[in-house]
Amino acid sequence: MTLTRTHLFGFVGLVALAFALYWAKAEAQAVREKVIALQEEVDNERRAVRTLEAELTWVERPDRLEAAAKRHLGLVPLTADRIATLNEMDQIAPLRTASPAPTPDSGGKPNAPAAVVEKPADSGADASKALAAKPAPVATVVGR
């Protein structure tokens, strides 16, 4: 039996197809293993997220926060006797007036300290004007 060119080309083509099929199967297996590894990693990360959410829920419990605030900061819950009136607030934190515009004799310093508004003698109309005053702007100096 004689082999012709057609038979030879057919045989070489068949070997090439078998090799291509083997290579494609090996690549598919490698991709499948990579997908499985990534899926395991995603599952691990989801478990970690659930664990962290559970820890956060435990850390943010109001009774635990209240106990920690009492123990470490000395804070207590707000009670009705700790609520101040407007007159008491003026004594605790007096209002400040706005800074005056710079004048030539003040050296051109726009952030001169603001004067503290004195508490009015009567609690009539002057008190409402003092409460309506806006706080002075705060100047921040940063230097090296």
Side-chain angles (χ1 to χ4, degrees), residues 1-120 123 126-144:
M1 170 156 100
T2 20
L3 292 176
T4 62
R5 286 187 187 166
T6 308
H7 288 105
L8 186 61
F9 285 129
F11 180 73
V12 170
L14 190 61
V15 169
L17 282 174
F19 178 76
L21 181 63
Y22 175 78
W23 181 79
K25 184 178 176 184
E27 285 294 315
Q29 183 64 29
V31 169
R32 184 177 298 123
E33 289 172 1
K34 187 174 181 180
V35 166
I36 290 171
L38 288 175
Q39 187 63 41
E40 288 176 3
E41 186 177 339
V42 167
D43 291 341
N44 290 338
E45 293 298 322
R46 284 184 179 155
R47 276 192 293 275
V49 166
R50 283 194 305 267
T51 302
L52 290 174
E53 285 174 347
E55 289 176 1
L56 182 63
T57 301
W58 183 82
V59 167
E60 289 181 341
R61 284 184 328 176
D63 58 333
R64 192 188 95 49
L65 289 175
E66 184 178 341
K70 283 180 185 176
R71 184 174 50 248
H72 298 295
L73 302 174
L75 299 177
V76 294
L78 184 65
T79 58
D81 62 335
R82 295 181 53 117
I83 298 175
T85 64
L86 289 178
N87 290 336
E88 291 168 343
M89 289 301 294
D90 191 32
Q91 291 173 358
I92 294 169
L95 295 175
R96 299 181 183 271
T97 61
S99 298
T103 58
D105 59 325
S106 69
K109 295 180 183 175
N111 289 328
V116 175
V117 174
E118 294 297 325
K119 184 175 180 185
S123 60
D126 293 333
S128 64
K129 289 180 185 176
L131 290 175
K134 294 182 181 176
V138 177
T140 304
V141 179
V142 179
R144 291 189 177 226

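Just so it is clear, the structure is predicted and the values come from calculations on it, not from any experiment.
Residues forming a side-chain contact (heavy atoms from CB on, under 4.5 Å) with Ala68 (at least two apart in sequence, or on another chain): Arg64, Arg71, His72. Every residue was checked against the side chain to side chain donor-acceptor pair (under 3.5 Å) condition with Thr51, not counting sequence neighbours, and none meets it. Considering only residues two or more places apart in sequence or on other chains, Thr4 meets the side-chain contact (heavy atoms from CB on, under 4.5 Å) condition with Thr6, His7. For Pro62, there are no side-chain contact (heavy atoms from CB on, under 4.5 Å) partners, not counting sequence neighbours.
A distance-only check finds no donor-acceptor pair linking the side chain of Gln91 to the backbone of Glu88 [under 3.5 Å].
Pairs of residues two or more places apart, or lying in two chains, that qualify as salt bridge (Lys or Arg N to Asp or Glu O under 4.0 Å) and include a residue from residues 41-62 are Arg61-Asp63. Residue pairs that meet the side-chain hydrogen bond (donor to acceptor under 3.5 Å, both in side chains) test with at least one member in residues 11-37, sequence neighbours left out, are Gln29-Arg32, Gln29-Glu33.
For the pair Leu65 and Val59, the tightest heavy-atom approach, listed with the atom from each and the gap, is CD2-O, 3.7 Å.
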